[in-house]
Amino acid sequence: MSGQATTGNRAEAGWRVLRGLVSPKILGIIGLLAVVCLYTALASDNFLKVGNLENIVHRTALFGILSIGVAFVIITGGIDLSIGSVVCLVGVLLPWLLVQHGWSVPAGVGFVLSLGAGIGLVHGLLVTKLGLQPFVVTLCGLLIYRGVARGLTQDQSQGFGTAYKGLRSLATNRFPIFGEGGFELPATTLIFLVIAVLAAVFLNRTVWGRYLLALGRNEQAARYSGIDTGRMKLLAYVISSTLAALGGMLFVLDINAAQPSDFGNFYELYAIAAAVLGGCSLRGGEGSILGLLVGSALMVVLNNMINLAHPQYQNVEFAIIGGVILAGVIADELVRRAARRRPAA
Amino acid sequence: MNAEPPLVEVKGISKRFPGVRALDDVSLSVGHAEVLALIGENGAGKSTLLKILAGVQPPDDGEMLVAGRPVRFRGVEDALQAGIALIHQELNLADNLDVAGNIFLGREPRRFGLLDLATMGREAAEWLGLVGLDLDPATPLSQLPIGRQQLVEIAKALSTRARLLIMDEPTSSLSARETETLFRVVKELRSRGVSVIWISHRLGEVKELADRVLVLRDGKNAGEISTRAEIEHDRMIRMMVGRDIDRLARRPSHRPGDVVLSARDLRTPAHPGHPISLEVRAGEIIGIAGLVGAGRTELLTTLFGITPAVGGSMAVAGRAVTPRTPIEAISAGLALVPEDRKQQGLVLEMAVRENMSLVALWPESRAGFVDFARERRLAAEMIPALAIKTPGDRQAVQFLSGGNQQKVVLAKWLAMKPKVLLLDEPTRGIDVGAKAEIYDLVHRLAGEGLAVVFVSSEMEEILSLADRALVMHEGRLAGGLSRGDLTEENVMRLAAGGSAERMSA
Ligand SMILES: Nc1ncnc2c1ncn2[C@@H]1O[C@H](COP(=O)(O)OP(=O)(O)OP(=O)(O)O)[C@@H](O)[C@H]1O
Ligand SMILES: [Mg+2]
């Protein structure tokens with residue numbers, strides 16, 4: 001092949017990566033995020049404080065991990081409602097096993113992550129082999145795992161106390177990248193970035209990613225093309241629950257206390273909302289990892305906005321978040337319609 | 001000339017899509033009680049023109065007149081108001097409702113706020129009578145074969161008092177008998193003063209039915225044939241393509257090689273009572289004829305592992321495999337171009353090149369990574385080879401015209417370099433020129449040792465492409481016809497359940 005062609009290919013490959021990241025679909029939500037940030041910064045002096053920014057980045061990473069997971073399922077045209085309960089189950093099990101039952105760290109961590117994978121496998125098998133609806137399967141999961149978590153611990157809050165500093169540093173460490181006193185990068189951000197890059201490469205550059213996108217759009221055509229649609233869907237559920245388990249572990253390592261009755265409550269909805277805001281269509285076949293990042297950040301910043309700028313409205317937080325998301329989705333749809341109607345140049 | 005203005009007239013219509021000028025200054029008029037055929041190559045802009053007429057899409061430019069008065073449709077409802085109804089190429093009915101429910105969908109007669117089922121049934125029966133359908137309006141739509149569903153859709157259009165019916169390739173999925181019925185209905189409607197515009201790639205049908213023919217080429221008016229007597233095959237082709245095309249001539253058969261596909265007592269789940277045995281040799285092109293519903297598609301999907309066999313065995317290239325899934329079939333070297341390109345053949349929202357590479361993706365990947373350079377090369381090879389009309393290989397296939405979509409499906413399967421190519425209605429919706437090209441291609445591939453099995457409802461296709469024909473009747477193999485016996489009469493006789501007349505003993 002000639003040198004020129006190779007350069008061209010490289011340029012196009014670069015362009016493709018960029019395009020895979022910034023689809024026009026997420027420009028709107030990036031704008032929305034910017035507006036909410038600007039508003040909060042103007043309304044409260046605390047928003048731009050280093051500690052607050054660190055916290056935002058940290059929480060975005062944690063929620064981002066959950067929403068990457070659920071995005072895989074959404075891309076196949078399914079849904080995973082069990083994420084919050086998996087977060088809870090793992091969040092109480094890890095300290096319970098380590099502190100109360102004296103398990104070793106590798107055993108405990110290995111167990112909760114495999115538990116996550118196992119849960120995903122069961123969901124996937126029920127959906128693909130038995131043909132049950134994802135909504136129903138994972139709704140039952142939502143009820144079951146929280147019930148199990150509360151039963152095992154007899155509703156007692158679980159934590160590590162002052163022990164396990166090393167393990168907890170996975171979630172609590174901060175790296176002073178700008179020197180002392182400046183912005184410190186939370187360790188969770190690094191974990192998130194690694195997962196995000198792997199997920200983006202998987203989705204956009206591998207055959208399996210292509211298969212997932214194809215089957216999400218038209219499962220029958222994918223099957224006729226010799227794609228093992230059952231196995232690909234199974235994989236998506238395993239990824240979703242495993243990342244939920246990882247997220248649950250990081251959440252409890254960070255907070256150091258997990259109350260079985262409300263730990264991880266509603267997290268599946270945050271994750272799904274972030275994925276939808278980030279350009280995943282619930283009809284399947286669409287999704288961009290950068291969109292998920294922005295979507296997760298928006299959820300976290302909205303919460304931050306209420307805490308800092310309007311603490312008196314904390315009890316209507318859900319209504320505010322819901323309203324902003326709805327506005328975002330409506331604006332997005334209107335923009336898309338206008339673009340469709342405009343005669344092409 | 002009549003002083004009365006034409007029923008519908010459009011002048012200087014233009015429509016552009018990104019990278020495509022679909023219509024460029026096109027004009028059309030249709031009179032009262034007239035059947036106008038719209039013909040042209042794939043991508044010529046026929047469907048786009050009809051969509052504009054029916055209010056599905058607005059034109060960028062140009063004017064429309066209904067009975068001499070200028071109109072502007074903002075949607076399908078406006079067109080319906082003006083008496084113009086579109087019968088969709090993909091039927092647009094709710095198959096969970098009954099026939100009457102479909103006819104009155106959205107306009108249900110009501111009494112005291114409740115559905116007035118009695119009136120609905122009575123009036124539905126009247127409209128059904130008009131299209132020659134004698135059935136109970138309470139029949140669930142899903143129980144009707146596709147041809148009758150189409151008649152229901154026409155009844156629905158008539159019930160909105162439509163004066164002009166627009167049909168986009170209405171016969172492409174109908175059996176010969178259903179086509180006849182449809183034509184009878186259209187003629188009957190014409191005599192009652194209803195006008196029809198319809199698209200067809202089957203020039204024989206155009207000759208039979210049309211009062212007038214309008215030809216589009218590359219989005220422009222390419223002429224008109226305005227008297228019935230002048231509607232003839234070669235002339236239409238010349239106007240569509242701009243040159244002459246040889247009549248589909250029978251090509252010489254290739255010398256058949258070894259048996260590549262054999263099936264022994266294969267039982268399909270649809271017709272388990274009729275075991276089927278067949279052998280296909282390398283280089284052979286076998287046509288499967290029969291009426292719609294004779295079990296031809298089921299035979300192909302069973303060979304391909306989509307509806308796995310419930311009995312019997314198969315071998316591909318000497319290896320015993322009876323595929324349980326398409327994956328097994330593909331790895332054995334089978335390819336299937338399915339019947340329904342939108343549902344089974346394509347991922348409509350994905351790009352042309354991504355669709356083409358979907359099957360070949362895995363064997364040509366590097367450790368699971370998509371080989372993008374190879375994917376582009378594949379598209380660069382296939383697009384000119386099949387004369388696919390698209391602004392580029394990144395165009396989503398949903399924006400291609402119907403015929404060009406079909407070519408993308410074909411390209412996808414040729415890309416995997418199969419040993420046996422199974423084709424289900426391979427040229428449905430493909431224009432005459434491209435059809436000849438596809439026949440040439442299939443023939444050339446057979447010359448290189450590919451075994452081809454195709455199902456077709458078009459007699460001409462069976463007669464001109466097949467080296468040998470198998471005719472199916474109600475799920476069983478009614479008989480085989482070698483080249484010498486392959487005549488229209490013999491095919492028909494076997495398809496109807498009779499026996500063929502031997503010409504060569
Ligand atoms: N929504 C769209 N976006 C982009 N391009 C389009 C769109 N609709 C049609 N086109 C393009 O416009 C041209 C005309 O398409 P059209 O569907 O009218 O062709 P056609 O004459 O009906 O062809 P066929 O016989 O294959 O059905 C084609 O090149 C097609 O790719
Ligand atoms: Mg068309």
Exercise for the section: For chain B, find its close neighbours in residues 64-72 of chain A: heavy-atom separation under 4.5 Å, sorted by number, or none. Expected result: none

Problem - Interatomic distance, B:Lys342 atom NZ to A:Gln220 atom CD [nearest 0.5 angstrom] - result: 14.5 Å

Problem - Heavy-atom contact with chain B under 4.5 Å, split by part of A:Phe202 - result: neither

Exercise for the section: Determine which pairs satisfy ring pair (Phe, Tyr, Trp, His ring centres under 6.0 Å) with at least one residue from residues 395-423 of chain B, sequence neighbours left out, and list them in order. Expected result: B:Phe304-B:Trp413

Problem - Any side-chain heavy-atom pair of B:Trp362 and A:Ile227 under 4.5 Å - result: no

Problem - Per-residue contact mode, B:Lys15 against chain A (heavy atom under 4.5 angstrom) - result: neither

Practice task
Please flag which part of B:Leu346 lies under 4.5 Å from any non-hydrogen atom of chain A: side chain, backbone, both or neither.
Solution key: backbone

Practice task
Could you check if a side-chain atom of A:Tyr224 sits within less than 4.5 angstrom of a side-chain atom of B:Val359, using non-hydrogen atoms only?
Solution key: no

Fill in the blank from the handout: Note: A:Ser225 and B:Leu358 closest approach over all heavy atoms is OG-CD2, 3.8 Å

Practice task
Taking only Lys NZ, Arg NE, NH1 and NH2, and the carboxylate oxygens of Asp or Glu, determine whether B:Glu349 and A:Arg283 approach each other closer than 4.0 Å.
Solution key: no

Problem - Side chain / backbone / both / neither for B:Gln57 at chain A, heavy atoms under 4.5 Å - result: neither

Handout entry: Which atoms of B:Ser331 approach chain A - backbone, side chain, both or neither, heavy atom under 4.5 Å
Key = neither

Exercise for the section: Taking side-chain contact (heavy atoms from CB on, under 4.5 Å) as the test, write out the residues that go with B:Ile327, two or more places apart. Expected result: A:Asp228, B:Thr325

Exercise for the section: Select, from B:Pro326, B:Ala329, B:Gly305, B:Ala335, the one with the greatest count of heavy-atom pairs under 4.5 Å involving chain A. Expected result: B:Pro326

Problem - A:Asn218 side-chain N/O to B:Gln344 backbone N/O, donor-acceptor pair under 3.5 Å - result: no

Fill in the blank from the handout: Minimal heavy-atom distance between A:Ala221 and B:Lys412, with the atoms involved, is O-NZ, 4.5 Å

Donor-acceptor pairs under 3.5 angstrom involving side-chain atoms of residues 114-137 of chain A: please list them, not counting sequence neighbours.
{"from": "A:Ser114", "atom 1": "OG", "to": "A:Gly110", "atom 2": "O", "distance (Å)": "2.5"}
{"from": "A:His123", "atom 1": "NE2", "to": "A:Tyr145", "atom 2": "OH", "distance (Å)": "2.8"}
{"from": "A:Thr128", "atom 1": "OG1", "to": "A:Gly124", "atom 2": "O", "distance (Å)": "2.8"}

Problem - chain B contact via A:Leu215 - side chain, backbone, both or neither, heavy atoms under 4.5 Å - result: neither

